[in-house]
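Structure record follows, encoded as structure tokens.
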Amino acid sequence: MQKIQPFHLAIPVDDLEKARIFYRETLGCEEGRSSDHWVDFNFFGHQLVIHYKAASEERNTGSNPVDGKDVPIPHFGVVLDWETFQNFSKELQQKNIEFVIEPYIRFEGQVGEQATMFFRDPCDNALEFKAFKNIDQLFAK
């Protein structure tokens, strides 16, 4: 696999301080530059920016069925290595994260077998973290 360049993602949050604490303390992301309206984070080697935006009545409530589960749409996250995923999911469980989809193995015994979990940040942004049993199957059909 080729070297992957870091992505940049900016997301809205309606409570900058709650989101800042979540990404820094719950997920363990290093905080970078910030202002009164936004905060940069090192999100597993990628640049995530939380931007304050007042809450609206529109909420991210869509989902898609995948492997018998209702996967929240939209969502974002990171593909971790297998061991890191296992350790990270245990840490999140110890921190009493409320999972939308608890950690489990998806597509077990099939091409693309992966561990996955979904949860939301305090501002209702959905996140997915996953790990492939065989990373070479990341894009396999």
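Given the structure is predicted, the values throughout are model-derived calculations rather than measurements.
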Q) What's the shortest heavy-atom distance between P103 and S89, and which atoms? A) CG-CB, 3.8 Å

Q. So, does E113 use its side chain to make a donor-acceptor pair with the main chain of V111 at under 3.5 Å?
A. no

Q. Should we count CD of E102 as having more than 12 external heavy atoms under 6.0 Å?
A. no

(Q) How long is the straight-line distance from SG of C29 back to CG of L48, given to the nearest 0.5 Å? (A) 7.0 Å

Q: List the atom of F107, the atom of G112, and the distance in Å for their closest heavy-atom pair.
A: CD1-O, 3.8 Å

Q: Return the minimal non-hydrogen interatomic distance between A126 and P74, and the atom names on each side.
A: CB-O, 3.5 Å

Q: Show the numbers, then the answer: is there a side chain to side chain contact (heavy atoms under 4.5 Å, CB included) between V79 and I135?
A: CA-CA 9 Å; V79 177; I135 192 62; 4.0 Å; yes

Q. Got a sec, which residues hit side chain to side chain donor-acceptor pair (under 3.5 Å) with D15, two or more places apart in sequence or on another chain?
A. none

Q. Ignoring hydrogens and geometry, is there a side-chain-to-backbone donor-acceptor pair from T84 to L80 under 3.5 Å?
A. no

Q.
Same cluster or not: V49 versus Y52, using hydrophobic residues (I, L, V, M, F, W, Y) connected whenever any side-chain heavy atoms lie under 4.5 Å apart?
A. no

Q) In Å and rounded to the nearest 0.5 Å, what is the CG to CG distance from L27 to N42? A) 12.0 Å

Q: Step through the shown structure and confirm whether more than 12 heavy atoms of other residues, nucleotides or ligands are within 6.0 Å of CD on E98.
A: no

Q | Shortest non-hydrogen contact between A19 and I50, atoms and distance | A | CB-CD1, 3.8 Å

Q: First locate atom CD of Q137, then atom CD of Q110, and finally report the distance between them rounded to the nearest 0.5 Å.
A: 10.5 Å

Q. Side-chain donor-acceptor pair under 3.5 Å between D67 and Y104, yes or no?
A. yes

Q: Output the distance between atom CD1 (I101) and atom CZ (R106), rounded to the nearest 0.5 Å.
A: 6.5 Å

Q) Any idea which heavy atoms bring W82 and K133 closest together, and the distance? A) CZ3-N, 3.3 Å

Q. Using 4.0 Å as the upper bound for N to carboxylate O, is an ion pair formed by E31 and R20?
A. yes

Q: Return the set of residues passing side-chain contact (heavy atoms from CB on, under 4.5 Å) with F7 (not counting sequence neighbours), or none when no residue passes.
A: L9, F43, H46

**Q.** Working for side chain to side chain contact (heavy atoms under 4.5 Å, CB included), residues Q47 and D40
**A.** CA-CA 7 Å; Q47 185 186 43; D40 280 348; 3.5 Å; yes

Q) Does a side-chain heavy-atom distance below 4.5 Å link N64 with D70? A) no

Q. Under a 4.5 Å side-chain heavy-atom rule over Ile, Leu, Val, Met, Phe, Trp and Tyr, are F132 and F85 clustered together?
A. no

Q: Verify, without hydrogens or angle tests, whether N125 (side chain) and P12 (backbone) share a donor-acceptor contact under 3.5 angstrom.
A: yes

Q: Please work out whether the ring planes of F119 and F99 are parallel, tilted or perpendicular, with thresholds of 30° and 60°.
A: perpendicular

Q) Are I105 and V66 grouped together when hydrophobic residues (ILVMFWY) are joined by side-chain heavy atoms under 4.5 angstrom apart? A) no

Q. Do V39 and F76 share a hydrophobic cluster (ILVMFWY, side-chain heavy atoms under 4.5 Å, transitive)?
A. yes

Q | Step-by-step side chain to side chain contact (heavy atoms under 4.5 Å, CB included) determination, S63 to V71 | A | CA-CA 5 Å; S63 67; V71 170; 5.8 Å; no

**Q.** Identified side chain to side chain donor-acceptor pair (under 3.5 Å) counterpart of T116 within the set K69, K130, E128
**A.** E128

Q) Does one side chain, of Y23 or D121, offer a donor that lies under 3.5 Å from an acceptor on the other? A) yes

Q.
Please enumerate all residues that pass ring-ring contact (aromatic ring centres under 6.0 Å, His included) together with F44, with sequence neighbours excluded.
A. F88, F129

Q) For the atom pair CZ (R120) and CD1 (I97), what is the distance rounded to the nearest 0.5 Å? A) 13.0 Å

Q: Evaluate the side-chain proximity of F41 to R24: yes if any heavy-atom separation is below 4.5 Å, no if none is.
A: yes

Q) Just how far is it from atom CG of L92 to atom CG of L127, taken to the nearest 0.5 Å? A) 10.0 Å

